[in-house]
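Bear in mind the structure is a predicted one, so any value in this text is a computation, not a measurement. What's counted below: heavy atoms across the whole structure, side chains too, no hydrogens, waters or symmetry copies.
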Amino acid sequence: MPPNICNTVIAAISNLSTAYNLANIGLALILLDANGHRISDVQKSVLSSVVFAGAITGQLSFGYIGDCLGRGPAMQLTMALTMMGSFLSSTAVSPDRLSTDTLATQLYAWRFVLGVGVGGV
């Protein structure tokens, strides 16, 4: 595959995965509710928006980080943060089925990390 086409395919897959990670919280909230986790409307709003707060943080900070480390290492760091935030969001657990606050707090943190990675791109 020629390098230009390969780069285009990689960029397209990256953009698709970013859009998926930003938009999948709606389905996750439905699944959490179906599994007995009663998340309040305030918690749902925060879970939906914390990723955008992280994205703003990433946008504001990764320009400087790119200047200090170089574009390549800064891009690798943003991809690592995106993968880490996505993976850890998927592995968030509640110690017991009744503790939705613990689960929501983990999701707040990991979706913020996901947002920083997404915003840094």
Side-chain angles (χ1 to χ4, degrees):
M1 185 179 298
N4 289 340
I5 293 174
C6 185
N7 289 342
T8 302
V9 169
I10 290 171
I13 291 170
S14 177
N15 284 331
L16 177 66
S17 108
T18 298
Y20 173 77
N21 281 320
L22 291 176
N24 72 351
I25 191 64
L27 176 61
L29 292 173
I30 292 169
L31 293 173
L32 287 171
D33 190 48
N35 286 307
H37 293 286
R38 301 293 176 237
I39 296 179
S40 71
D41 289 339
V42 171
Q43 288 174 319
K44 288 178 183 179
S45 297
V46 172
L47 281 171
S48 297
S49 60
V50 72
V51 71
F52 296 111
I56 291 169
T57 303
Q59 290 168 350
L60 293 174
S61 60
F62 268 92
Y64 178 74
I65 292 171
D67 288 343
C68 293
L69 299 178
R71 287 188 302 171
M75 184 61 78
Q76 291 172 353
L77 181 58
T78 62
M79 290 297 135
L81 287 172
T82 301
M83 289 187 300
M84 184 177 79
S86 180
F87 176 74
L88 291 173
S89 291
S90 70
T91 61
V93 294
S94 175
D96 57 4
R97 292 185 69 85
L98 302 175
S99 178
T100 57
D101 290 338
T102 304
L103 180 63
T105 302
Q106 289 178 35
L107 287 173
Y108 296 155
W110 301 135
R111 287 197 46 90
F112 183 82
V113 170
L114 171 67
V116 171
V118 167
V121 175

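To the nearest 0.5 angstrom, M75 atom CE is 13.0 Å from L69 atom CG. Here the CZ-CZ distance, from F52 to R111, works out to 7.5 Å after rounding to the nearest 0.5 Å. Distance OG/S89 to CD/Q106: 10.0 Å, rounded to 0.5 Å. The distance from atom OG of S86 to atom OH of Y20, rounded to the nearest 0.5 Å, is 8.0 Å. Atom CH2 of W110 and atom OG1 of T105 lie 12.0 Å apart (nearest 0.5 Å). To the nearest 0.5 angstrom, F112 atom CZ is 10.5 Å from L81 atom CG.
One hydrophobic cluster holds both L77 and L88 under the rule that ILVMFWY side chains link at heavy-atom gaps under 4.5 Å. Under the 4.5 Å side-chain heavy-atom criterion for ILVMFWY residues, no single connected hydrophobic cluster contains both V116 and V118. Both L107 and I39 belong to a common hydrophobic cluster when Ile, Leu, Val, Met, Phe, Trp and Tyr are linked at side-chain heavy-atom distances under 4.5 angstrom. Linking ILVMFWY side-chain heavy atoms closer than 4.5 Å, directly or via other members, places Y108 and L32 in a single hydrophobic cluster. Both L103 and I25 are members of a single hydrophobic cluster when ILVMFWY side chains are connected at heavy-atom separations under 4.5 Å.
Proximity of L29 to L47: side-chain heavy atoms (C-beta onward) are separated by under 4.5 Å at one or more points. Using a 4.5 Å heavy-atom cutoff, the side chains of I65 and T78 are not in contact. Residues T82 and L114 meet the side-chain proximity criterion, which asks for heavy atoms closer than 4.5 Å.
Here the closest heavy-atom approach between residue R38 and residue Q43 is recorded as O-OE1, 4.4 Å. Taking all atoms of both residues into account, the shortest heavy-atom contact from G66 to A74 is CA-CB, 3.6 Å.
Taking Ile, Leu, Val, Met, Phe, Trp and Tyr as hydrophobic and joining them when side-chain heavy atoms fall under 4.5 Å apart, one finds Y64 isolated, its cluster having no other members.
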